[in-house]
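Heads up, the thing below is written out as structure tokens.
One is the number of the first residue; the rest follow in order along the sequence. Everything numeric in this text was worked out from a predicted model, so none of it was measured.
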Amino acid sequence: MLKSSVREAVEPFDRLDDDERRAWVNLAKVLLTLPGALESQLLRDADLTLLGYMILARLSVVPGNSLRMSEIAEMANGSLPRISHAVARLEDRGWVTRKVCTGQGRRFTTATLTDAGRAQLATASPAHVANIRRLVIEPLGADFVRLGDAVQRVVENLGLPTEVHQRPKA
């Protein structure tokens, strides 16, 4: 006997055609596999998670090398507790410092990149960038930038920020 919550007739929907299904399955494989491949290399070579690397990298390109925890959470599309835990691990290693601040009648916490964090990022970056090139950029060739431009529309549709902060000029 079927439960009453199960519909006897499924409403028709616009199914993916063969090309769309193939493209979607391949994209899903990348979305599910690439972060682990990038993180494995970072953990092995720099004892750093992908999220930790992203936090250090983001702090390295913003004015004062400092962000509110809420801004880091937005960048990483993560919850404040998850980001707080990740930043605490970075702080334990001396790569960031946290400071509780007050302003506009509110308390908030900022994270600031330390010199040791900048050094760790400099150590981790060459192998990480080489891995990105090997796994993504080289197989895509000239399509890489076009893919990035196309994916930006998905990022916007998800309501995520699209700005990319440039590295400060030396």
Side-chain angles (χ1 to χ4, degrees), residues 24-137 144-145 147-170:
W24 171 248
V25 167
N26 284 332
L27 178 58
K29 287 177 184 178
V30 168
L31 294 172
L32 295 171
T33 306
L34 184 60
L38 294 172
E39 183 157 274
S40 292
Q41 176 273 316
L42 282 166
L43 285 168
R44 181 184 65 245
D45 295 347
D47 196 25
L48 189 58
T49 65
L50 181 57
L51 178 58
Y53 181 90
M54 290 178 62
I55 293 168
L56 294 179
R58 179 62 187 259
L59 290 173
S60 77
V61 297
V62 296
N65 300 127
S66 185
L67 286 171
R68 288 183 180 200
M69 295 293 288
S70 59
E71 293 172 308
I72 295 170
E74 181 179 284
M75 175 271 309
N77 195 33
S79 66
L80 276 174
R82 177 178 178 232
I83 296 307
S84 182
H85 183 70
V87 171
R89 287 193 314 263
L90 297 173
E91 187 177 37
D92 288 345
R93 294 174 172 191
W95 298 338
V96 299
T97 58
R98 286 189 289 180
K99 179 180 177 184
V100 176
C101 304
T102 56
Q104 300 172 337
R106 296 177 152 184
R107 286 176 39 131
F108 58 91
T109 303
T110 60
T112 303
L113 184 67
T114 65
D115 289 341
R118 186 176 306 287
Q120 179 64 15
L121 184 62
T123 298
S125 291
H128 179 60
V129 170
N131 201 28
I132 291 169
R133 288 190 184 285
R134 181 180 64 81
L135 293 173
V136 181
I137 298 173
F144 177 67
V145 173
L147 175 64
D149 292 341
V151 169
Q152 181 171 335
R153 294 190 301 270
V154 176
V155 170
E156 290 166 353
N157 197 43
L158 291 170
L160 300 173
T162 58
E163 81 281 351
V164 175
H165 293 277
Q166 299 296 319
R167 232 174 295 168
K169 303 287 186 215

Exercise for the section: Kindly indicate whether the side chain of V62, heavy atoms from C-beta on, has any atom under 4.5 Å from the side chain of E71. Expected result: no
Handout entry: D115, CG atom: more than 12 neighbouring heavy atoms under 6.0 Å
Key = no
Problem - Distance in Å, L38 CG paired with L43 CG, rounded so as to fall on 0.5 Å steps - result: 11.0 Å
Fill in the blank from the handout: Rounding to 0.5 Å, atoms CD1 (I55) and CG (L50) come to a distance of 10.0 Å
Practice task
Please confirm whether the backbone N or O of M69 pairs with a side-chain atom of T109, one donor and one acceptor, at under 3.5 Å?
Solution key: no
Practice task
Please answer whether the main-chain N or O of A46 pairs with a side-chain N or O of Q120 as donor and acceptor at a distance below 3.5 Å.
Solution key: yes
Exercise for the section: Before giving the answer on side-chain contact (heavy atoms from CB on, under 4.5 Å), spell out for L48 and H128 the whole-Å C-alpha distance, their side-chain angles and the decisive distance to 0.1 Å. Expected result: CA-CA 11 Å; L48 189 58; H128 179 60; over 6 Å; no
Problem - Sole residue of L113, V87, L56, L121 in side-chain contact (heavy atoms from CB on, under 4.5 Å) with W95 - result: L56
Completion exercise
Distance col, row E39:CD vs M54:CE, nearest 0.5 angstrom, shows 11.0 Å
Problem - Backbone N/O of R98 and side chain of E91: donor-acceptor pair under 3.5 Å - result: yes
Exercise for the section: Report yes or no: does S84 contribute a side-chain atom to a donor-acceptor pair with the main-chain N or O of L80 at less than 3.5 Å? Expected result: no
Practice task
Return yes if some donor-acceptor pair links the side-chain N/O of N65 with the main-chain N/O of T112 below 3.5 Å, else return no.
Solution key: no
Practice task
Supply the atom-to-atom distance R44 CZ to N131 CG, rounded to the nearest 0.5 angstrom.
Solution key: 7.5 Å
Exercise for the section: Give, for atom CG of L51 and atom CE of M75, the distance between the pair rounded to the nearest 0.5 Å. Expected result: 6.5 Å
Handout entry: Polar side-chain atom of T110 near backbone of R68 as donor-acceptor pair, under 3.5 Å
Key = no
Practice task
Could you tell me the separation between the CD1 atom of I83 and the NE2 atom of H85, rounded to the nearest 0.5 Å?
Solution key: 11.0 Å
